[in-house]
Amino acid sequence: MTVRVRFAPSPTGHPHIGNIRTVVFNWLFARQQHGQFVLRIEDTDRTRYVEDALQVITGGLRWLGMDWDEGPEVGGDYGPYVQSERTAIYQEKAEELVAMGKAYRCDCTPERLEQVREAQRARGETPMYDGRCRNRPVGEVSPDQPHVIRLKVPREGVTVMRDILRGDIVFENRLLDDQVLLKSDRFPTYHLAVVIDDHIMGITHVMRGDDWISSEPKRLLMYEAFGWEPPVYAHVPLVLGTDGKKLGKRHGAVSIDEFRRQGYLPEAVFNFLALLGWAPGLGEEQEIFTREELIERFDITRINLAPAVFSYDKLNWINGAYIRALSQEELLKRLIPFWADAGLIPPDVPVEIIPTLKLLVPLVQERLKTLRDVVELTDFVFTDIAIPPVEKVIGSKMTAEQSLDAIRRVQTLLVGIVHFEATAMEIPMRRLADELGLKAGQLFSIVRNAVTGKEVSPPLFGSIEALGRATTLKRLEIAEEVLAKYIKAQEEG
RNA sequence: GCCCUCAUCGUCUAGUCAGGUCUAGGACACAGGCCUUUCAAGCCUGGUACAUGGGUUCGAAUCCCGUUGAGGGCACCA
């Protein structure tokens, strides 16, 4: 039997990273089993429909490197893959259930239902449909009048769900509500549509969030009514924020495109997500896995049952590791959009600044946690810096006069360098520090502050080379003036 | 309120199904050190966990029951 799994999002907004983790599990399972991964859009709630949501979902999956064998954009033999285009099927199947006596028509108003629930809550009971229409003679609710179709849940007995991760879960039927299957707008509810589609589309394994456990018996009852074999279930735990609550916006980025914009690599996010609630086990201590390694190792039965906390720290570490593993050429390519977005370079990069960018890449590579970090690390190369406060250009344990002298000596030195390259600067600069009786760090930190405007920067000589001789000398001149002015002011009083 | 699920370092986890090799292993984070022009990266060292009570057993992180805690569900939402 060929494994067929699906991801069935509703287009109501940006996909949540916790749901995407579940998609990763599904995709990994499908690829490993040489099965099919189906994308189906569950847009049966017209009130919550969001226009671009489909593009955001497919774009997000593609960004993460997950493809689908059937679904929107790719087609397939079981289409259409958008539920709003399948309403006739659901209506027909709902009528079948009515004809079989497994479901019934109900014309109770939303107001009445709310009153019933309110009264039940007041009595401390579980809110449930009171069964008014269930007990009316068949045909009393006219098929031509607005109504819903409800599932006629048995009042006794139990329904058992077999979950490959959790074993058998037993539900008492009497605690189950008479679920609405077809709404008054003739659209199906999730429960009806998912059962029919999963069956028709030949879905063999349903892997999804454990928030679906409680409602599964209602759907199982439908499988039973239709005489269909339910799929294999695997309910995976939810993803929590650092405070132990369901992961949400207040914890940081939650949608895929936010991670992209913040400078996370798709392969790093994929790696991280695969390891959130799953581990290869067998004493495996590796943390960084290629997509192929994950496909090979993934074991659906090893998914952890406890909810996992999303750790931005760990994601940052993994992302940094992936960045360090990139070739310089590749890193440059990925960095350009971030420089451009920050307005540091034009979006269509002029050829003359490419050499500068190429110089910068090796300087920042092992310092980046995210691609976006490059902005703060290198902005001084592309924009003017503030005039440094005098204390920043006075070396540690040095006087202003000594510092001024040092700056002037550096200027002379840099003017005289033939090839303005990092490697040509280091030795003379160290010799200069020696001559001045300074430690290298004392001298370099003055120059760093003067030239980059930062106390912390990429390696100094590389930064100077990227800046170029003219800008470097100009900034040293400014520092020189700052010091001269300060000394003069001191002398005067 | 009712129903369901879950429980190893701060976090992700290995070990649990086939009890002893676990004075519980790894990673992230944290602390200290080395390297070092700053910051990183890299290397070394360190602290921190089997929720709790009872059983079963020669022996329990591992099996059973209770308790506690956490999460989820109880819509003409998905």
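Chain A is the first sequence line, chain B the second, and so forth, proteins listed ahead of strands; every chain is numbered from 1.
- Between A:V232 and A:V206, the closest side-chain pair of non-hydrogen atoms is not below 4.5 Å.
- Taking the ring axis of A:F187 as reference, the NZ or CZ atom of A:R46 stays within 45° of it and closer than 6.0 Å to the ring centre.
- Applying the side-chain hydrogen bond (donor to acceptor under 3.5 Å, both in side chains) test to pairs two or more places apart or on separate chains, those with a residue in residues 424-439 of chain A are A:R409-A:E435, A:E426-A:R430.
- One C1' atom belongs to B:rC64, the other to B:rC3, and the distance between them is 23 Å to the nearest Å.
- Between A:I303 and A:F25 the shortest side-chain heavy-atom distance falls below 4.5 Å.
- Residues passing the ring pair (Phe, Tyr, Trp, His ring centres under 6.0 Å) test with A:F461, sequence neighbours excluded: A:F444.
- Using a 4.0 Å heavy-atom distance criterion, A:P9 is classed as making no nucleic acid contact.
- Within the structure, salt bridge (Lys or Arg N to Asp or Glu O under 4.0 Å) contacts touching residues 447-465 of chain A (residues at least two apart or in different chains) are A:D379-A:K454, A:K392-A:E455.
- The aromatic rings of A:F29 and A:F298 sit perpendicular to each other, their planes meeting at more than 60°, with 30° as the lower class boundary.
- Nucleic acid contact class of A:V148 (heavy atoms, under 4.0 Å, all strands): base.
- Shown here are the side chain to side chain donor-acceptor pair (under 3.5 Å) partners of A:Y81, two or more places apart in sequence or in another chain: A:E70.
- Using a 4.5 Å heavy-atom threshold, the side chains of A:M207 and A:V236 count as touching.
- As judged by a 4.0 angstrom heavy-atom cut-off over every strand, A:R166 is placed among residues touching the sugar-phosphate backbone only.
- Along RNA chain B, the nucleotide nearest A:I213 and the nucleotide nearest A:Y190 are compared for position; the residue whose nucleotide lies closer to the 5' end is A:I213.
- Between the P atoms of B:rG26 and B:rA49, the separation comes to 14 Å (whole Å).
- Ranked by how close their nearest RNA chain B nucleotide is to the 5' end, A:E172 and A:A308 are led by A:E172.
- Chain A approaches RNA chain B within less than 4.0 angstrom (heavy atoms of the protein), and the contacting nucleotides run 5' to 3' from B:rG1 to B:rA78.
- Taking atom C1' in both B:rA29 and B:rU52, the straight-line distance is 28 Å, to the nearest Å.
- Here the separation of B:rC30 from B:rC12, taken at their C1' atoms, is 16 Å to the nearest Å.
- Within residues 18-26 of chain A, no residue approaches RNA chain B, by heavy-atom distance under 4.0 Å.
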